[in-house]
Amino acid sequence: MRTLAARVPLTVVDAALGALALWQAWALLCVYAGWSTDVLFWGSPFALLWLGLPDLLKPWQPDPTEPPQGGTRGQMPPAWASGLGMACAAIGAVGFTLGDWPVLVASLWFVPLAAAQVSPRAPLLHGSDPPEGTASSPLDTAGLAVAVVAAVGITLALQRPNVDDAYYLNAILEHLARPDAPVQTFDGIHGDPTAPIQQVAHRPQTYEPLVAVLTRGTGIAPRTAYWFVLPALAAAFGSVAHHALFKAVAPRLAWLATPLVVPLVLLWGDGPQAYGRFAYVRMFQGKSIFVLAMAPLILYAAFRFVRAPSWRSWVRLMAAQLAGSIFTSTALVVGPVAAGVALLAGLQPDRRHLRWLAVGLLASAPMVAVLGLTFLEIQQAGGLGNTGNYQGFRTVLGSWRGGPALAALVFAPWLLRLRQAPGADWLGRYALITLVLLFSGLAPRLLGDSAAALLNWRTLWAVPLYAFVALAGAAGAVGIVQGVRRGHRIAVASGALGVLLVMLFGPGKTTWDVATWRWMAPKVRPGVEKTARGVVALTSPDDMVLAHPEVAWHIAMIEDHPSLVGVWNRYIHNLERHWGSARTSQRLRSMDFVRDRTFHVPGAALQALCVRVVVLGVEHRRHSMSAYGLEGLSFERVVAGRFDIWARSPDDLPPHCSE
């Protein structure tokens, strides 16, 4: 039973990676061949089942590992080294938190140097832990079960409606409504049937077509599948992914580290794009699935390849990267970065390891090829529609949690060595590489100006830092309970304390994101949803609606909705290549009106865009000029409330609107 309990999660991981990777290969073929959603749908069963089914039928087998050389255990770091490491980590944490950049930069270099001084001169025996996948304790099963139940429950209860929901859910609805249209070629959010996909960079991101295929095949309503069924599965899979990583790196700590991830991610929300903002609260968005589940799986696959290079572990590494690119096009860059850093961390200075490193890096070849195609399409489309602004790593780590989190990353290798974990050496080198290349901000700039502007903070998705914080906390907590020799108590206590600091420092995710708790409730704002459905009932798909952004993105999530002047200004900018500068300017001026930035009715723009319905917020009631201007264009207020709905008869539209 223990062997079966250990193999089930790893079998699930292998089967899922295989099926998702093959799906992505099939979906990318449809995308770049210009095939329709119908073709994608009828070929999907073979992609989703062909590779997954054999893995489920064949019992999972661990990769062969080399027998350890010699019979000596790795030397434990001396007590002075633990004290030195803690002092360096504290300096880094203070420097990060207070923004003292000279202190921070110095500490980032000093900590790895200190770690190198205590590196053992003999490798740990692989036999110091149970062979991976061959045994599982009741604590392992209980820890994984607690993590899965908690993750699913939180995902189904947290509510944070977001404008991005309109973009992604609308893409699903449009793929269902236009099955004969080429996959990932159109934009449906504005109701313009001739509009191309907003961002060409999103073409390899096939999660929305996947949801459309699954809803079409199962008959589940798109909203139910997108907001409840798939997020619950993704949250559960995220816990299984972390369990697999922990069982590989530190088998004896997996039972505690796995459930620790849940509160860590739940509370990690004090950065504009912190890890927690892309976890349970937004598990229906593909990028959140990548952050919570696929990033640790890429590390898991890379670590297993480093420990036992073989064709099977190489295929798993390639499949993990392919599967990750389903959920976000950012994975085309972040996936190879995550795999490359993990492979470098396992490098040994001999010819054989160099050869296997080269082979391992080749597992990213499909990602690089698709990235090349994407780059060519971006150039043909005139460049990126919106590149964003460069943001530092505090954006992801958070202003207060970042310091203790980096300290935990630095301290984790020592703590794992005290536990004689097989991944201690690898994690030590991994901490060094990530500090120098990623957390320093060097990697985004090395990728080029465009990549630095677009990706910058997203490159930190390559490092599931919360996973290593959980490992450090688990090692510290277990060490306190089981006891360690006197000289190492300071290290053990600091590990457990670091996790508490990461949890407690700064605001929680629900505070930062203004999230609420409503069990199994649609991811909408009920009052706004009511207004949106009222607008849809009042109009036809051929009508043009200018609505307050909050109402507009709720309208966009409803089937057969009317055309929209805009939902978000960024979306309008993204389609300037299609509409032209003049029409784009008209849409932006109109959106300024409903966003309460001006109270002067943009009459010329409303006439040119053939707007039949306008939805305003209550701010406009205080300004008679808004009502006067709309009445002058034959609009009448038909609904009054939190949002006022103004409409005019189709006969009152300008003559060119009927042409």
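Note that the structure is a prediction, hence the values are computed from the model and not measured. Only this structure's heavy atoms are used, side chains among them; waters, hydrogens and symmetry mates stay out.
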Query raised in the report: Among Val163, Val528, Val567, whose side chain to side chain contact (heavy atoms under 4.5 Å, CB included) with His554 holds?
Result: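 Looking at Val163, Val528, Val567, the match for His554 under the side chain to side chain contact (heavy atoms under 4.5 Å, CB included) is Val528.
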Donor-acceptor pair, [X] side chain versus [Y] backbone, under 3.5 Å?
| X | Y | result |
| --- | --- | --- |
| Gln285 | Ala279 | no |
| Ser329 | Ala201 | yes |
| Arg178 | Thr37 | no |
| Ser288 | Arg282 | yes |
| Gln184 | Gln205 | yes |
| Arg648 | Val611 | yes |
| Ser364 | Pro336 | no |
| Gln586 | Ala605 | no |

Requested in this report: Applying ring-ring contact (aromatic ring centres under 6.0 Å, His included), name anything that partners Phe643, two or more places apart in sequence or on another chain.
Outcome: His548
Is any side-chain heavy atom of [Y] closer than 4.5 Å to one of [X]?
| X | Y | result |
| --- | --- | --- |
| Leu169 | Lys523 | no |
| Leu292 | Tyr280 | yes |
| Leu230 | Phe284 | no |
| Trp23 | Ile326 | yes |
| Pro526 | Arg518 | yes |
| Arg577 | Pro196 | yes |
| Met557 | Arg223 | yes |
| Phe278 | Trp461 | yes |

Query raised in the report: Is the number of heavy atoms from other residues, nucleotides or ligands under 6.0 Å of Asp560 CG greater than 12?
Result: no
Report task. Step through the shown structure and confirm whether more than 12 heavy atoms of other residues, nucleotides or ligands are within 6.0 Å of CD on Glu636. Result ->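 Open: at most 12 neighbouring heavy atoms sit under 6.0 Å from CD of Glu636.
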Query - Geometric cation-pi criterion, Arg203 with Tyr32: 6.0 Å, 45° - result: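 Checked: cation-pi criterion met.
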Query raised in the report: Cation-pi between Arg589 and Phe593: NZ/CZ under 6.0 Å from ring centre and within 45° of the ring axis?
Result: no
Query - Mutual orientation of the aromatic rings belonging to Trp26 and Trp35 [parallel < 30°, tilted 30-60°, perpendicular > 60°] - result: tilted
Query raised in the report: What's the verdict on side-chain contact (heavy atoms from CB on, under 4.5 Å) for Val183 and Ser36, showing C-alpha distance, side-chain angles and the deciding distance?
Result: CA-CA 5 Å; Val183 181; Ser36 69; 5.8 Å; no
Would [X] and [Y] count as having a side-chain donor-acceptor pair, cut-off 3.5 Å?
| X | Y | value |
| --- | --- | --- |
| His190 | Ser563 | no |
| Gln24 | Thr206 | yes |
| Trp553 | Asn162 | no |
| Asp192 | His578 | yes |
| Asp542 | Ser540 | no |
| Glu576 | Ser581 | no |

Where do [X] and [Y] come nearest, in terms of heavy atoms and distance?
| X | Y | result |
| --- | --- | --- |
| Ala166 | Ala556 | CB-CB, 4.0 Å |
| Thr215 | Pro222 | CG2-CA, 3.9 Å |
| Pro296 | Tyr466 | CD-OH, 4.2 Å |
| Ala236 | Val152 | CB-CG2, 3.9 Å |
| Leu40 | Pro209 | CD2-CB, 3.8 Å |
| Ala323 | Leu17 | CB-CD2, 4.2 Å |

Report task. Take His175 and Phe186 through the test ring pair (Phe, Tyr, Trp, His ring centres under 6.0 Å) and record every step on the way to the result. Result -> CA-CA 9 Å; His175 277 90; Phe186 49 81; 5.0 Å; yes
Report task. Please confirm whether Tyr167 and His202 have ring centers closer than 6.0 angstrom. Result ->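 That pair passes the under 6.0 Å test.
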Query - Centroid-centroid under 6.0 Å between Trp646 and His620 rings - result: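 No, ring centres 6.0 Å or more apart.
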Working to the nearest 0.5 angstrom, can you tell me the gap between [X] [atom1] and [Y] [atom2]?
| X | Y | atom1 | atom2 | answer |
| --- | --- | --- | --- | --- |
| Leu606 | Leu630 | CG | CG | 7.0 Å |
| Leu20 | Phe237 | CG | CZ | 6.5 Å |
| Glu174 | Glu559 | CD | CD | 10.0 Å |
| Met318 | Leu362 | CE | CG | 10.5 Å |
| Asp187 | Leu575 | CG | CG | 5.0 Å |
| Met367 | Leu322 | CE | CG | 4.0 Å |

Residues [X], [Y]: salt bridge by 4.0 Å N-O rule:
| X | Y | answer |
| --- | --- | --- |
| Glu550 | Arg642 | yes |
| Asp592 | Arg587 | no |
| Arg612 | Asp652 | no |
| Arg525 | Glu529 | no |

Requested in this report: Go through the steps to decide whether Glu619 and Phe599 satisfy the test side-chain contact (heavy atoms from CB on, under 4.5 Å), and finish with yes or no.
Outcome: CA-CA 9 Å; Glu619 289 295 322; Phe599 297 97; 4.2 Å; yes
Requested in this report: May I have the step-by-step check of side-chain contact (heavy atoms from CB on, under 4.5 Å) for Asp644 and Val618, ending in yes or no?
Outcome: CA-CA 7 Å; Asp644 291 348; Val618 295; 5.6 Å; no
Query raised in the report: Passes side-chain contact (heavy atoms from CB on, under 4.5 Å), Leu546 versus Val613? Steps please.
Result: CA-CA 6 Å; Leu546 171 63; Val613 174; over 6 Å; no
Requested in this report: Among residues two or more places apart or on two chains, list those pairs meeting disulfide (SG to SG under 2.5 Å) that have a residue in residues 564-623.
Outcome: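 Listed once each, the pairs are Cys610-Cys657.
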